Every structure is written in C-alpha cells, then in structure tokens.
Number of protein chains: 2
Amino acid sequence: MRYSKQRELIYGIIKATSTHPTANWIYQAAREKMATISLGTVYRNLDQLALEGMIKVISEGNIARYDWNTVSHQHLRCSVCGKMSDIEIPDRQLIKSIKHSHQFDVEKIEMIFMGICSEHN
Amino acid sequence: MRYSKQRELIYGIIKATSTHPTANWIYQAAREKMATISLGTVYRNLDQLALEGMIKVISEGNIARYDWNTVSHQHLRCSVCGKMSDIEIPDRQLIKSIKHSHQFDVEKIEMIFMGICSEHN
DNA sequence: ATTTATATAGTAATGATTCCTATTACTTAT
DNA sequence: ATAAGTAATAGGAATCATTACTATATAAAT
Ligand SMILES: [Mn+2]
Ligand SMILES: [Mn+2]
Ligand SMILES: [Zn+2]
Ligand SMILES: [Zn+2]
C-alpha cells in the first residue's frame, strides 16, 4: 500500500471523530479539504485501511460505519439520538465457553446494544 | 393485519428452515409454491411479521436475514461454510451492568460471533 | 351482495456499494 | 533530474438490496 494524500486525509478524518461515521459522512468531510476526491476513493481506502487493521468496520444495520478504535470493544446505540458509543465487554470467558459448548472458534465478535442512552432517559 | 395466503406461505417457509434466510431466498422458495408472488410482497410481509413480533430480523451485514425463533438468542457465523446457528447467551447480568456503568437502558441485543464452526476446524 | 379498506403484482425509484477505465502520481532505478 | 513501472485516483456506470408507487384484487364487515 503506497502513500496517497487521499488516504492520509481519510484516515485523519476518521481519527478525529468519535461518531462512528459512515462512508458518505467521511466523503462529505473529505470534500471540504479536497474538492475533487471521489466517493469510490473513499470506499477503496476504507477497505484498505480495514484490511491493514488500521480501522474497524461496524457492519450492523444497512449502512457500514467506520471506527479508528481498533482495540476490542463493542457498541451501544441510542434509539432516540442515534449516537453510537463504545463499551468494553470482557470476552475471554465467553469465547472459551463457546469453544466448549459449540466447538466453535470465535475470531471476531460484533455486539450492538440498542436502547436509550443516559441523556434520553 | 388481515389474512392473505401470501403471508401464510411466507411465514410457513420461514418456520420450516433453520438457515436464517434472506428475503431473496424466501422469495425464491415462495415462487415455487405461488408463481406470481412478488418480491415486494415478500418484503412487506416480512416487515409486518417482524412488527407483530412473529419473526425476528437479523440486520448484521449488508443483507437482512429473518428468523422464526423469537426468543432471546444470538448467532454464530462460520466464515468457511457461511452457516449461521443459534446460541443462547445469558444477558440479564450484562444488561444490569450496562445500566450501572453507562446509565444506558438496553432494549435489544444483537451479537454475532464470527469464526470457524465445528465442521470446519 | 355491497361496501370499505387492506393486500397484491408489477414496475419504477432509491441508496449503498462495487466495478470499470483512462489518467495521474508515487516510487525506484537510471 | 528523467524515465519507467505500477499502484492510486476521478468520474461515471453498474449492481444489489430495499422501498415506493399504483392500478387491480381480495378479505372482511354490514
Ligand atoms: Mn467504537
Ligand atoms: Mn436464530
Ligand atoms: Zn441518546
Ligand atoms: Zn462451517
């Protein structure tokens, strides 16, 4: 993967937000810094960054979201304001018990907790 | 929600499989019994059945899947064969601890454990 | 049987994502 | 510094899942 200023811009935009943005959100933000950047470039770079493990893809729901936080964590999503926030769920024991009960080797976990956040209850 | 033989057919198809089928899979199966059924009808009925709580929607990934099993459970997905199987994860304690640590009221949980199933490791 | 309203088939539209291709621009070697 | 080789880009077309539209059909109530 060789350098490009488009990728640097895209990665910078992701690192600067905690909103778990969509590809289109990132594209709009990128256009403000580089008017000619294309949506295809955004998608391609998001895929590459994810492949390199520099960002994570959250694929729950019909629109993919992207996350600069690559350490193991899960998400809370508020059904009122739509905000998605991080939560750490210890999963060592869980992975072990799934291995024992189902002979299934867990490699990746995606959890979404939907409900009402602290600002809306 | 008034009776229609299309909905009865669709619901029957979902109840008869454990594959967590997509809308298109259900559509293809339905066409074999009722040649003129339309994809729009399948989607509309899936939405209605979900609204009535008769089926569950699994919205991880870019394609929605449907589940006749409406009791609280989660899913394992094998990255080799693609099979999606059920797993029960006790969540009472988890919901309670999220309430305490994040003041977040969990209403719905969606967990996907990706990895290798017992037939492929 | 008549009325009323919901459901359907068929098709068009939408929205997210992927694919295609000529051009551009990093990178390495000369 | 120049050239060659190749990965990356812009822009647009194509794809795929899902939703919207609308005239017709059919369940349900009277
Ligand atoms: Mn996160
Ligand atoms: Mn299930
Ligand atoms: Zn909220
Ligand atoms: Zn498998």
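Small disclaimer: the values here were computed from a predicted structure and weren't measured. Within every chain, numbering begins at 1; the chains are lettered A, B, ... in the order of the sequence lines, protein sequences first and strands thereafter.
The side chain to side chain donor-acceptor pair (under 3.5 Å) check on Arg77(A) picks up Glu60(A), with sequence neighbours excluded. By the side chain to side chain contact (heavy atoms under 4.5 Å, CB included) test, Ile87(B) is found to be paired with Ile98(A), His102(A), Gln74(B), Leu76(B), Ile89(B), Phe113(B), residues two or more places apart in sequence or in another chain being considered. Shown here are the side chain to side chain donor-acceptor pair (under 3.5 Å) partners of Lys99(A), two or more places apart in sequence or in another chain: Asp105(A). Legend: residues meeting ring pair (Phe, Tyr, Trp, His ring centres under 6.0 Å) with His20(B), ordered by chain and number and at least two apart, are His75(B). Listed by chain and residue number, nothing satisfies the side chain to side chain donor-acceptor pair (under 3.5 Å) test with Arg65(B) (two or more places apart in sequence, or in another chain). Gln103(B) meets the side chain to side chain donor-acceptor pair (under 3.5 Å) test with no other residue; sequence neighbours excluded. Applying the side chain to side chain contact (heavy atoms under 4.5 Å, CB included) criterion to Asn69(B), with sequence neighbours excluded, gives Asp67(B), Val71(B), His73(B), Asp86(B).
Shown for residues 36-49 of chain B: residues whose heavy atoms fall under 4.0 angstrom of DNA chain C, namely Thr36(B), Ile37(B), Ser38(B), Thr41(B), Arg44(B), Asn45(B), Gln48(B). Taking every heavy atom of residues 51-66 of chain B and every atom of DNA chain D, pairs under 4.0 Å involve Asn62(B), Ile63(B), Ala64(B), by number. Contacts of residues 6-16 of chain B with DNA chain D (heavy atom under 4.0 Å): none.
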Please list every donor-acceptor pair under 3.5 Å in which a side-chain atom of residues 22-36 of chain B meets a protein atom from a residue at least two apart or in another chain.
from: Thr22(B); atom 1: OG1; to: Trp25(B); atom 2: N; distance (Å): 3.1
from: Asn24(B); atom 1: OD1; to: Gln28(B); atom 2: NE2; distance (Å): 3.4

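For the pair Cys117(A) and Lys83(A), the minimum side-chain heavy-atom distance is 4.5 Å or more. Looking only at side-chain heavy atoms (C-beta outward), Leu46(A) and Ile14(A) come within less than 4.5 Å of each other. The side-chain heavy atoms of Leu49(B) and Glu52(B), taken from C-beta on, include no pair separated by under 4.5 Å.
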Could I get a table of every N or O pair under 3.5 Å where one atom is in the protein and the other is in nucleotides 27-30 of chain D?
from: dA27(D); atom 1: N3; to: Arg2(B); atom 2: NH1; distance (Å): 3.0
from: dA28(D); atom 1: OP1; to: Tyr3(B); atom 2: N; distance (Å): 3.2

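Computed from coordinates, the Tyr27(B) OH to dT18(D) P distance equals 14 Å when rounded to whole Å.
For CG of Asn121(A), the number of neighbouring non-hydrogen atoms (other residues, nucleotides, ligands) closer than 6.0 Å is greater than 12.
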